[in-house]
Amino acid sequence: MAVNVLLADDHRMVREGLKQLLELDHEIQVVGEAGDGYECLNLANKTKPNVVLLDINMPNLDGLQVLSIMKQQKMLCKVVILTIHKEVEYLVKALDLGCDGYVLKDSDFDTLRKAIFAVYAGDTYVEPSLMPLLNASLAERDVMHEKLSDLTKREIEVLKMIAAGSFNKEIASTLNISERTVKNHVSNIFKKIGVSDRTQAAVFAIKNDIITIK
């Protein structure tokens, strides 16, 4: 029984080339082609593919938005991100959203084929060349989470205000505590999260979703 694949990429030539390559394999059947995010979601609902090959850079809805919607709607298809983006941030984001595979467009066909059959079998497949970057990023995130768990509730409140640009006097007034107490909190926060100034503390807060940039 063939694996039914939906292609989602905004470049027609890429889709046509992929389709020809995939259908040389008798175990793969391309059931649809989408040129943007909306079309991909519509076709996924209509064709019920086993695997979606999903580009990140697409009009209307990008690939990560499509992936998020697919997972929210509990679609049964597996999703392999097929992209030019080698940056680990994209990979981590895609995995956090629930992608089943991540393959680079400059990979060979054998890698893509392995990814398709791996996710179809229920496994997760990540481009081998990206694994060292992924492991390093996840290790760094674990360290950050450990640092975050060391902060008290009050210290997190102070950190939020630091990241928002508040000075000690404003923090003291808002939290109804003395400036001396604020200084102690700031000193403790810096030690616990391993930073030396307010800008670094703000970056830590943003990276760990303590505050969001508007």
Side-chain angles (χ1 to χ4, degrees), residues 37 54-72 79-107 124-214:
L54 183 60
D55 188 20
I56 289 179
N57 298 330
M58 291 194 299
N60 296 324
L61 292 171
D62 67 36
L64 294 180
Q65 290 171 317
V66 171
L67 171 62
S68 179
I69 292 168
M70 284 179 163
K71 295 304 176 180
Q72 286 170 14
V79 180
V80 175
I81 297 292
L82 183 59
T83 180
I84 60 170
H85 290 292
K86 299 180 180 181
E87 300 89 343
V88 71
E89 293 82 7
Y90 281 98
L91 170 56
V92 171
K93 179 69 172 173
L95 290 171
D96 283 343
L97 288 172
C99 84
D100 303 284
Y102 195 98
V103 176
L104 297 175
K105 284 186 174 179
D106 60 5
S107 299
T124 299
Y125 187 96
V126 174
E127 177 87 28
S129 65
L130 295 178
M131 285 305 297
L133 284 173
L134 176 62
N135 289 333
S137 177
L138 294 178
E140 181 186 356
R141 188 159 71 172
D142 286 344
V143 170
M144 287 225 182
H145 285 170
E146 277 184 36
K147 290 177 179 178
L148 189 57
S149 66
D150 285 340
L151 298 176
T152 65
K153 186 178 178 181
R154 176 63 89 189
E155 285 167 351
I156 289 175
E157 288 177 327
V158 173
L159 178 56
K160 283 181 180 179
M161 296 190 73
I162 290 172
S166 299
F167 294 108
N168 287 359
K169 189 173 183 180
E170 296 172 271
I171 296 172
S173 175
T174 300
L175 299 180
N176 199 26
I177 55 179
S178 69
E179 279 191 65
R180 185 182 185 85
T181 301
V182 173
K183 284 180 183 177
N184 288 336
H185 283 317
V186 172
S187 176
N188 288 335
I189 290 166
F190 284 9
K191 285 177 187 174
K192 287 182 178 181
I193 67 175
V195 301
S196 57
D197 59 41
R198 297 171 94 90
T199 301
Q200 291 175 356
V203 170
F204 178 91
I206 292 165
K207 280 187 173 181
N208 286 278
D209 297 322
I210 294 171
I211 65 162
T212 53
I213 303 172
K214 293 180 180 179

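Once rounded to the nearest 0.5 Å, the distance linking SG of C99 with CG of L64 reads 8.5 Å. Note that the NE2 atom of H85 and the CG atom of L91 stand 12.5 Å from one another [nearest 0.5 Å].
Looking at residues two or more places apart in sequence or on another chain, you find no ring pair (Phe, Tyr, Trp, His ring centres under 6.0 Å) involving F204. D106 is linked by a salt bridge (charged side-chain N to carboxylate O under 4.0 Å, His left out) to K86, counting only residues two or more places apart in sequence or in another chain. With sequence neighbours excluded, the residues that form a side-chain contact (heavy atoms from CB on, under 4.5 Å) with V203 are K207. Partners of N188 by side-chain contact (heavy atoms from CB on, under 4.5 Å), not counting sequence neighbours, listed by chain and number: E155. Applying the side-chain hydrogen bond (donor to acceptor under 3.5 Å, both in side chains) test to N176 and every residue at least two apart in sequence or in another chain returns nothing. Checked against side-chain hydrogen bond (donor to acceptor under 3.5 Å, both in side chains), T174 has no partners two or more places apart in sequence or in another chain. Every residue meeting the side-chain contact (heavy atoms from CB on, under 4.5 Å) condition with I69, not counting sequence neighbours, appears here in chain and number order: L41, L61, Q73. In terms of the side-chain hydrogen bond (donor to acceptor under 3.5 Å, both in side chains) criterion, residue partners of Q72 (sequence neighbours excluded) are, by chain and number, S68. Partners of I84 according to the side-chain contact (heavy atoms from CB on, under 4.5 Å) rule, which considers only residues two or more places apart in sequence or in another chain, are N57, K105.
Put simply, the side chain of E127 gets close to the backbone of L104: a donor and an acceptor are under 3.5 Å apart. At distances below 3.5 Å, not a single donor-acceptor pair connects side-chain atoms of N208 with backbone N or O atoms of I210.
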Worksheet item: How far apart are the C-alpha atoms of Y90 and T83, what are their side-chain angles, what is the distance that settles it, and do they pass the side chain to side chain contact (heavy atoms under 4.5 Å, CB included) test?
Response: CA-CA 10 Å; Y90 281 98; T83 180; over 6 Å; no
Discussion item. Using side chain to side chain contact (heavy atoms under 4.5 Å, CB included), reason through D150 and K191 one step at a time and then give a plain yes or no.
Written reply: CA-CA 10 Å; D150 285 340; K191 285 177 187 174; over 6 Å; no
Fill in: Worked verdict on Y125 versus V80 for side chain to side chain contact (heavy atoms under 4.5 Å, CB included)
CA-CA 8 Å; Y125 187 96; V80 175; over 6 Å; no
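A 4.5 Å side-chain heavy-atom check between V88 and L130 finds every atom pair outside the cut-off. In this structure the side chain of T124 never reaches within 4.5 angstrom of the side chain of Y102, judged on heavy atoms. When side chains are defined from C-beta on, L95 counts as touching L134, because their heavy atoms get closer than 4.5 Å.
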Could you list the donor-acceptor pairs under 3.5 angstrom formed by side chains in residues 157-168, with sequence neighbours left out?
unit_1, atom_1, unit_2, atom_2, d
E157, OE1, R154, NH1, 2.9
S166, OG, M161, O, 3.4
N168, OD1, R198, NH1, 3.1
N168, OD1, R198, NH2, 3.2

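Sorted by first and then second residue, the pairs that involve residues 92-102 and meet salt bridge (charged side-chain N to carboxylate O under 4.0 Å, His left out), not counting sequence neighbours, are K71-D100, D96-R141. Screening residues 171-186 for salt bridge (charged side-chain N to carboxylate O under 4.0 Å, His left out), with sequence neighbours left out, gives no hits.
When all heavy atoms are compared, the tightest approach of A201 to F190 is CB-CE1, 3.8 Å.
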